[in-house]
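All remarks here apply to the structure that follows.
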Amino acid sequence: MDSSNLIDSLNAAQREAVTVPCGRTLILAGAGSGKTRVLTHRAAWLLQVEGASAYSILAVTFTNKAAAEMRGRIAGLVGVVAGGMWIGTFHGLAHRLLRLHWREAGLPQHFQILDAEDQRRLIRRTLRNLEIDESRWPPRQIQGFINARKDEGRRPEALEPHDAYSEQMRQLYRAYEEACRAGGGLVDFAELLLRCYELLCSQPTLLKHYRRRFRHILVDEFQDTNRIQYDWLRLLVDSESDVFIVGDDDQSIYGWRGARVENMQRLQHDEAGTRVLRLEQNYRSTRTILAAANALIARNSSRLGKHLWTDGAAGEPIAVYAAFSEQDEARFVVERIRSLIESEGYARSDCAILYRSNAQSRAFEEALFGREIPYRVYGGLRFFERAEIKDALAYLRLLVNRNDDASFERVINTPPRGIGTKTLDVLRSQARQWQMSLWQAAGELLRAGALPGRAARAITAFIELLDRLGGSFADPALAGRIETVLAQCGLHEHYAKDRSERGLDRRENLDELISAARTFEQVREAIDDEVDSLTAFLAHAALEAGEVQAGEQDDGVQLMTLHSAKGLEFPVVFLVGLEEGLFPHKMALDERGRLEEERRLCYVGITRSRQRLFLSFAERRRLHGQDQYGTASRFLLELPTELMQEVRARFSVTRAQTMVHAAEPVATSDAAFSLGQRVRHATFGDGVVLGCEGSGPSTRVQVNFAHSGSKWLVVAYANLKPCP
DNA sequence: TTTAGTTGAATAAAG
DNA sequence: TTCAACTAAA
């Protein structure tokens with residue numbers, strides 16, 4: 001078959017990657033080097049040239065968005081042939097396997113998925129049952145503990161508590177597991193992965209089947225994998241497997257979420273003979289932007305090593321602005337955006353403002369609002385996470401499983417039907433005593449006539465409501481079924497009473513839920529046939545929390561955190577709040593590893609930009625109601641000054657200090673160098689000074705050599721000459 | 001049960 | 001400062 005359409009548009013390195021013989025391949029793909037392209041073309045190559053069947057391909061990503069994009073692009077290359085491929089997120093794929101093999105996994109057929117909020121609520125309830133003080137044992141912390149252990153693949157039994165604290169944590173972990181089981185098989189996100197891993201470990205036949213089936217495994221964003229994801233992948237691989245992995249250690253910014261960059265090295269160790277290929281040509285940014293990014297990331301010591309280059313134009317210098325305050329910073333940014341739009345023809349959506357923490361968006365929103373420039377802030381509550389939607393989903397979950405106590409508690413008095421804390425306390429303690437669910441306990445108490453009249457009537461009504469709704473299960477159409485539930489449970493009516501904008505919003509969201517169900521039904525894949533459409537929809541709601549205010553502002557300035565900017569690109573980027581303590585964040589200052597991750601985050605920010613990059617910081621910033629006086633971020637000082645241009649040399653005292661500091665000679669001897677200066681070394685050739693440490697005769701400078709990479713040299717011996 | 005007032009925490013966030 | 005979660009009063 002003619003495969004020219006797959007490789008013609010690729011550069012040599014990309015082509016080598018796409019056509020690499022089957023086996024173990026790790027692609028170190030730099031920012032903007034055409035990573036997704038290589039991944040999708042590889043899949044197409046396997047189908048068209050290697051003769052692989054779509055059924056033999058497993059492609060794993062981290063986000064639903066990435067999975068959808070990959071599916072779409074592969075389909076665009078090869079057409080419907082791509083049909084049988086398994087493309088999805090780690091969680092989505094694990095979920096699929098668990099649905100198919102729920103029995104072997106020890107789960108009930110209609111097991112429900114807990115999102116982060118559901119999980120925390122369940123932990124809170126577990127604590128209350130055990131009469132443990134929530135302020136001493138914060139649910140958040142316990143949640144973090146449990147998830148971290150699951151991400152490591154460890155059950156409570158596998159822990160080795162070394163003090164009272166870890167012993168208690170282990171107990172709570174165990175109690176939580178029991179609560180999940182008792183709730184009728186509740187599975188949190190981390191559990192999906194761990195359970196699936198255990199499933200494959202414990203079922204050799206099954207494992208063998210999937211190993212044989214998935215001959216080709218493709219993985220995206222490998223630097224973000226955690227321990228259990230790594231182990232899961234390796235489990236699916238045998239000596240015959242073709243494994244194609246793409247990642248960039250320099251863009252690993254989720255260590256705090258359990259991601260292990262080390263997995264990249266580990267893979268090369270664990271899988272001997274792994275072929276490592278590099279994609280280093282960047283198609284996104286100007287030479288200037290790239291040089292800055294390279295100089296910055298060269299400061300990190302633990303790297304696999306990669307040097308991005310481009311044959312594009314040098315572009316504009318990087319503009320640096322020192323603001324008085326965050327208002328001044330916002331004013332500057334918005335002014336710039338206005339002039340870029342008005343005189344340089346940029347669209348509003350070409351401009352992105354990237355910040356370290358969400359709280360920073362405020363000043364920019366105000367400034368944009370004041371200038372009447374439309375904008376869009378990313379992040380925040382997503383559709384399926386909204387309270388009213390979760391209420392509605394809780395009713396649906398109860399229909400599937402009456403013993404789901406978390407859902408029971410959520411809706412027993414929503415909308416208010418006269419069942420308060422008192423009644424609930426009775427229910428809870430009885431349920432605990434009789435070792436049954438709240439639903440069962442309610443039934444028993446009613447039968448025993450043990451509840452006061454008013455509460456009894458209210459509970460009876462609730463039970464009847466659910467039974468009636470359960471009856472309408474016969475309705476085959478999911479959307480119609482949900483509509484009935486919403487109409488009868490009183491949620492719609494409840495919000496109708498709220499005459500404010502908020503109430504209207506919520507009613508609209510509930511209507512939206514119905515149409516979401518309709519859409520879901522239409523596009524639902526046949527693979528979920530194992531399970532009824534309601535259960536499938538609930539799983540979908542948990543696994544895909546949906547977009548935030550999708551498409552509300554099509555052409556607006558884009559505001560988001562650096563983390564959410566990963567994977568995106570913009571013609572114009574404003575990287576703001578470059579202050580010590582904010583970025584790098586003060587929480588990350590103690591440990592070296594975390595500082596390096598902050599630096600990678602800065603690297604990600606810089607490399608988002610195609611043409612224009614603006615950096616700024618504020619000398620005074622209001623944080624938590626207190627004025628803070630900060631200094632410029634070390635990252636700013638780590639960038640070669642030759643690439644930068646100060647906007648509006650304002651020369652306030654502080655300003656002069658910052659910039660002068662950066663350009664200050666690094667050695668006191670006759671051979672003085674400044675950061676960013678070009679130097680020549682007898683052996684290593686030409687390079688750029690990136691940093692210095694020490695003083696006097698022991699002064700060392702870090703030089704990034706064009707050919708030999710970055711090195712630390714003692715000034716006294718290196719005999720560096722300034723470049724002519 | 002509802003609501004107003006108090007308290008406490010505040011890095012990033014997909015599934 | 002802001003926001004969510006919680007407590008006390010109506």
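Labels below follow one simple rule: chain letters A, B, ... track the order of the sequence lines, proteins then strands, and each chain is numbered from 1.
- A cation-pi arrangement is present between A:Arg99 and A:Phe111 under the rule of less than 6.0 angstrom and at most 45 degrees off the ring axis.
- For A:Arg362, a side-chain nitrogen or oxygen approaches OP1 or OP2 of C:dT2 to under 4.0 Å.
- Mapped onto DNA chain B by nearest heavy atom, A:Ser564 and A:Arg417 fall at different nucleotides, with A:Arg417 at the one closer to the 5' end.
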field: Worked check of side chain to side chain donor-acceptor pair (under 3.5 Å) between A:Glu329 and A:Ser616
entry: CA-CA 7 Å; A:Glu329 183 182 42; A:Ser616 62; 2.8 Å; yes
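- Note that NZ of A:Lys566 is 11.5 Å distant from OG of A:Ser564, once rounded to the nearest 0.5 Å.
- In this entry the distance linking CD of A:Gln360 with P of C:dT1 reads 19 Å, nearest Å.
- Using a cut-off of 4.0 Å between Lys/Arg side-chain N and Asp/Glu carboxylate O, A:Arg600 and A:Glu597 are scored as salt-bridged.
- Residue A:Asp224 is out of contact with every strand shown, counting any heavy-atom pair closer than 4.0 Å.
- Positionally, the nearest nucleotide of DNA chain B for A:His585 lies more toward the 5' end than for the other of A:His585 and A:Ala190.
- Residue-level contact check: A:Phe62 touches the backbone only, with heavy atoms under 4.0 Å from sugar-phosphate atoms and none from bases.
- We find that CZ of A:Arg121 is positioned 14 Å from P of C:dA4, with the value rounded to whole Å.
- Taking the six-membered ring where the residue is Trp, the centroids of A:His563 and A:Trp256 are separated by under 6.0 Å.
- Scanning DNA chain B for stems, defined as runs of 3 or more consecutive Watson-Crick or G-U wobble pairs whose donor-acceptor distances all fall under 3.5 Å, gives the following ranges: B:1-10 with C:1-10.
- In this structure, A:Asn64 reaches the sugar-phosphate backbone alone: every heavy-atom distance under 4.0 Å involves primed, P, OP1 or OP2 atoms, never a base.
- With sequence neighbours excluded, the residues satisfying side chain to side chain contact (heavy atoms under 4.5 Å, CB included) with A:Asp627 are A:Arg620, A:Arg622, A:Tyr629.
- Ion pairing of A:Asp250 with A:Arg303 is present here, as a side-chain N (NZ or NE/NH1/NH2) and a carboxylate O approach within less than 4.0 Å.
- Heavy-atom contacts of chain A under 4.0 Å fall on DNA chain B between two terminal nucleotides, which in 5' to 3' order are B:dT1 to B:dG15.
- The gap from the P atom of B:dA13 to that of C:dA4 amounts to 16 Å, rounded to the nearest Å.
- The existence of a salt bridge linking A:Glu134 and A:Arg128 is confirmed by a sub-4.0 Å separation between a basic side-chain nitrogen and an acidic carboxylate oxygen.
- Using a 4.0 Å heavy-atom distance criterion, A:Leu114 is classed as making no nucleic acid contact.
- Between A:Phe408 and A:Phe462, the distance from one ring center to the other falls under 6.0 angstrom.
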